Protein chains: 2
Amino acid sequence: MQSKPTTIKEIAKILNISPSSVSRGLHDHPSIGAVTREKIKQLAKSLNYEPNNTAILFQKGKTYTIGVILPELSEHFFSTAISAIEDELLKKNYTVIFAQSHDSYEQEVRLVEKMKNQRVDGLLVSISKDTSKFDHFEKLSSFNIPVVFFDRIPPFKNVHYVACSIENATIKAVNFLLKKGHRTIAMINGPTTLFASNERKDGYMQAITFNRLKYDPSLIINCDLTEQGTIDAANQFINHKRKPTAIVAFNDYVALFLIKYLKKLNVIQDFDLVSYANLPIISYIDNSPIASVEQYPYLQGQKAANILLDLINAPKAENQAYYNTIVESDLVINEEK
Amino acid sequence: MQSKPTTIKEIAKILNISPSSVSRGLHDHPSIGAVTREKIKQLAKSLNYEPNNTAILFQKGKTYTIGVILPELSEHFFSTAISAIEDELLKKNYTVIFAQSHDSYEQEVRLVEKMKNQRVDGLLVSISKDTSKFDHFEKLSSFNIPVVFFDRIPPFKNVHYVACSIENATIKAVNFLLKKGHRTIAMINGPTTLFASNERKDGYMQAITFNRLKYDPSLIINCDLTEQGTIDAANQFINHKRKPTAIVAFNDYVALFLIKYLKKLNVIQDFDLVSYANLPIISYIDNSPIASVEQYPYLQGQKAANILLDLINAPKAENQAYYNTIVESDLVINEEK
DNA sequence: TTGGTCTAATCAAACGTTTGCGTGGTTTTT
DNA sequence: AAAAACCACGCAAACGTTTGATTAGACCAA
């Protein structure tokens with residue numbers, strides 16, 4: 001009933017030829033005659049022969065497997081990105097294995113170790129919030145396992161990465177608000193420890209100074225991204241001597257908290273909001289942000305996957321230059337308003 | 001620089017013992033003396049020895065790899081479920097590979113084939129919308145690859161599965177609305193071809209008849225789950241001679257379309273909505289459903305993963321009985337209202 | 001002394017596939 | 001007719017690890 005899978009050896013024995021000939025026949029090697037080749041293929045098909053992958057991988061010392069490590073799969077951004085990665089790698093007959101760091105540095109270190117033991121051909125990583133040391137990735141290069149970071153990338157250039165320029169995006173966002181006539185624009189930013197916070201701040205300042213406006217540091221509040229933190233920030237803006245007319249929210253979650261609170265106070269009409277896209281359906285909400293920074297997770301995933309394939313298949317000598325790919329972000333204007 | 005990984009053989013040569021002793025030493029086999037064992041372990045550590053997984057898998061004929069096939073990873077339900085699966089299987093040192101059918105039957109067939117060639121130890125599957133034939137799964141049993149279906153399951157009992165009883169959930173939902181005083185309850189259902197549609201209908205009817213109310217077939221409309229389809233259904237209800245006061249939406253997407261349209265017509269206040277949870281943030285929306293059927297994707301994923309492990313590790317003879325696990329769904333009342 | 005039990009290790013096969021090299025036999029070239 | 005070229009295939013090693021069978025030596029009992 002539960003037949004052991006057919007092997008090349010068995011085919012060889014039946015046909016009274018050597019296993020190597022069978023292997024070559026199945027691979028259309030020129031040194032196998034057409035007649036024999038067809039006999040091999042026919043028998044293989046009729047016996048339901050399936051190459052034993054573990055044997056091939058072992059023999060070749062390659063796994064055709066790509067590891068993906070990301071913080072949280074149930075975040076829409078990441079599930080979309082890995083969806084792209086899987087689509088892209090499947091085309092090239094690679095297999096994807098993945099794991100979640102759950103934003104823990106220790107877990108990330110463990111996972112990198114595990115992926116290395118699994119002998120992945122390459123790694124795609126979006127780093128955890130907790131990660132500030134990167135030794136665990138450096139070890140990989142000595143094993144010749146290329147790594148491409150995406151979206152959440154380390155703060156230096158000598159790695160391969162794909163990311164969105166949040167700075168540029170923020171410039172676009174603030175410019176958009178300025179063009180709409182806003183002159184006092186506030187920002188609910190994340191913790192100063194986050195690279196992403198600095199990018200937002202830099203973009204904000206660039207837009208403000210480029211437009212010859214005065215930069216008021218009290219209009220940028222660093223919060224912990226919780227609901228209470230958002231409420232505290234909102235209160236500061238509402239009571240600000242220069243009460244802002246527009247607020248840039250760190251992300252859609254913050255925007256949600258903000259909308260909820262401003263509605264409760266019945267002052268939502270006093271503000272135009274802009275946010276960074278996390279939630280696909282945010283535009284369905286009443287008083288939703290009038291614009292969103294789209295970071296193209298699918299595109300980022302695609303590009304990262306293809307870069308990794310390049311690295312895997314490149315001659316070793318060429319691995320000198322680093323891919324630093326920036327995916328341009330767009331400001332998506334919410335038509336509903 | 002790029003050192004080839006250390007092998008057991010090398011360790012053996014350095015220590016002047018046989019590879020088998022090294023292997024046994026590393027595995028604490030009793031027939032290796034404590035002194036030798038420690039020498040082996042020390043040297044292994046200092047040489048950064050990592051077992052070559054592909055070799056082990058090949059040798060053991062097991063891959064310690066579980067395949068997961070699901071329709072669409074970027075759907076919140078599925079990303080949560082696979083997140084649970086990964087968490088659960090990582091604990092047991094299994095590796096997860098996954099692929100998306102994108103709701104295509106042909107793709108699903110290809111993927112099952114691919115997973116089989118990858119020699120996965122088992123398969124977790126949520127079937128595609130297009131799938132009505134199941135031969136591709138039956139083939140797996142002859143290769144002794146167990147399959148556990150979750151959420152989207154085939155319409156028969158002689159398979160292993162984990163799912164939520166949408167029927168029970170619907171009974172709860174309708175009962176909830178009845179208790180709130182509603183007497184005319186409508187339902188926007190999916191296409192009749194979908195198993196999920198029948199479950200909803202059955203649940204609806206059971207609740208109605210159990211409460212000795214008259215069942216009015218015109219209050220259940222089968223739609224194609226598009227925005228236009230939802231609008232058409234809504235129009236029928238609005239113009240219905242017995243205009244309903246509550247509507248059960250097929251899912252959150254339909255609910256979103258519905259809310260949008262009813263708001264536009266300014267009749268949203270005339271209806272109480274209930275939906276089935278797909279979108280985590282739906283409750284943040286104004287006029288959101290007053291209750292949602294929670295289907296516990298994380299729990300379903302966990303259970304499916306554990307059942308699969310049971311099947312993999314069970315003695316062959318015991319594989320007779322089928323796991324048919326129903327995860328109870330809950331009606332989550334939206335407090336905001 | 002013979003036989004038995006234990007300990008600590010070795011030997012060799014096995015898993016399935018790929019691949020460099022070798023080798024008869026036939027055909028072509030000079 | 002000898003040399004060269006080519007065709008179609010076989011041989012055997014290799015990839016790294018595990019494991020059943022075996023062994024050499026030490027110790028003990030009768």
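Reckoned from all heavy atoms, side chains included, excluding hydrogens, waters and symmetry mates. Throughout, protein chains are lettered first and strands after them, A, B, ... in sequence-line order, and every chain is numbered starting at 1. These numbers were taken from a predicted model, which means no experiment stands behind them.
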Winner on side-chain proximity to A/I56, out of C/dT10, C/dT18, D/dC11, is C/dT18
Return the stacking result for C/dT17 and A/F58: yes when the ring centres lie under 5.5 Å apart and the planes under 30°, no otherwise. no
Over how many whole Å does the gap from B/R119 atom CZ to C/dC15 atom C1' extend? 12 Å
Is any NZ, NE, NH1 or NH2 atom of the basic residue among B/E88 and B/K303 found under 4.0 Å from an Asp or Glu carboxylate oxygen of the other? no
From the candidates C/dT18, D/dT17, D/dT19, the one with an atom nearest any side-chain atom of B/A55 is D/dT17
Residues B/E113 and B/K116 bridged, charged N to O under 4.0 Å: yes
Can a donor-acceptor pair be found between the side chains of B/S128 and B/Q107 at a distance below 3.5 Å? no
What nucleotide among C/dT18, C/dG16, D/dT18 has an atom nearest to a side-chain atom of B/I8? D/dT18
Which nucleotide wins on minimum distance to the side chain of A/Y49, given the candidates C/dT17, C/dT18, D/dC9? C/dT17
Whole-Å distance separating the NE2 atom of A/H27 from the C1' atom of C/dT19: 11 Å
Of A/S31 and A/Q59, the one whose closest DNA chain D nucleotide lies more 5': A/S31
B/K92 charged N/C atom sitting above B/Y94 aromatic ring, 6.0 Å / 45°: no
Side-chain N or O of A/S23 versus OP1/OP2 of C/dT17: is the shortest distance under 4.0 Å? no
Once you apply a heavy-atom cut-off of 4.0 Å, does A/T7 come out as touching a base, just sugar-phosphate, or nothing? sugar-phosphate
Does a side-chain N or O from A/T36 land closer than 4.0 Å to OP1 or OP2 of D/dC9, or not? yes
Once you round it to whole Å, what is the distance between P of D/dG16 and NZ of A/K62? 17 Å
Which whole-number value in Å describes the distance from A/K13 NZ to D/dC9 P? 20 Å
Tell me the closest heavy-atom pair linking A/V162 and A/Q300, and the distance in Å. O-OE1, 3.7 Å
Value in whole Å for how far the P atom of D/dA14 lies from CD of B/E10: 15 Å
Check step by step if side chain to side chain contact (heavy atoms under 4.5 Å, CB included) holds for A/N52 and A/T7. CA-CA 8 Å; A/N52 180 329; A/T7 72; over 6 Å; no
Whole-Å distance between D/dT23 P and B/I17 CD1? 21 Å
Out of D/dG16, C/dA9, D/dG10, whichever nucleotide has its closest atom nearest the side chain of B/S21: C/dA9
Nearest whole Å is fine: how far is C/dT10 P from B/I32 CD1? 7 Å
With heavy atoms under 4.0 Å as the rule, sort A/T54 into base, sugar-phosphate or nothing. nothing
So what does A/G33 touch, heavy atoms closer than 4.0 Å: a base, only the sugar-phosphate, or nothing? sugar-phosphate
Within the structure shown, what part of the strands sits under 4.0 Å from A/N16 by heavy-atom distance: base, sugar-phosphate, or nothing? sugar-phosphate
Which whole-number value in Å describes the distance from B/H29 NE2 to D/dT17 P? 17 Å
Hey, is the side chain of A/S18 poking within less than 4.0 Å of OP1 or OP2 on D/dC9, counting only N and O atoms? no
Of C/dT10, C/dT17, C/dT19, the nucleotide closest to the side chain of A/R24 is C/dT19
